[in-house]
Amino acid sequence: MLIETDCPYLAPNPNRGKRNDSTNLKYVVEKIAEIKNLPPETVAEISEKNAKSLFFK
């Protein structure tokens, strides 16, 4: 799983209605962590590992 901001006009809560950018990734990580019942740090670490694996082969 990768986390990104490819939808510039659909920011996550609490920034709904504003332009989306990478500063909102923390909200996505927090929501994934809630759904998966994991600490947000674990979700961020897994996502970072996956991104490095994909982009830095």
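Under the 4.5 Å side-chain heavy-atom criterion for ILVMFWY residues, no single connected hydrophobic cluster contains both Leu10 and Val28.
Salt bridge annotation for Glu30-Lys26: absent, with no cationic side-chain nitrogen under 4.0 angstrom from a carboxylate oxygen.
Within the 4.5 Å cutoff, the side chain of Thr23 has no heavy atoms near those of the Asn15 side chain. Residues Lys18 and Asn24 are not in side-chain contact: their nearest non-hydrogen atoms beyond the backbone lie 4.5 Å or more apart.
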Task: Verdict with supporting geometry, Lys36 and Thr42, side chain to side chain contact (heavy atoms under 4.5 Å, CB included) - done: CA-CA 10 Å; Lys36 293 292 208 174; Thr42 301; over 6 Å; no
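One distance of note links CD of Glu45 with NZ of Lys49; it measures 10.5 Å at 0.5 Å rounding. Here the straight-line distance linking atom SG of Cys7 with atom CZ of Arg19 works out to 10.0 Å at 0.5 Å rounding. Note that CD1 of Ile32 and CD1 of Ile3 are 4.0 Å apart. Values are rounded to the nearest 0.5 Å. Within the model, atoms CG of Asn20 and CG of Leu25 stand 7.5 Å from one another, a figure rounded to the nearest 0.5 Å.
Closest of all the heavy-atom pairs between Ala33 and Pro39 is CB-C, 4.0 Å.
Here the side chain of Asn50 pairs a donor or acceptor atom with the backbone of Met1 at under 3.5 angstrom.
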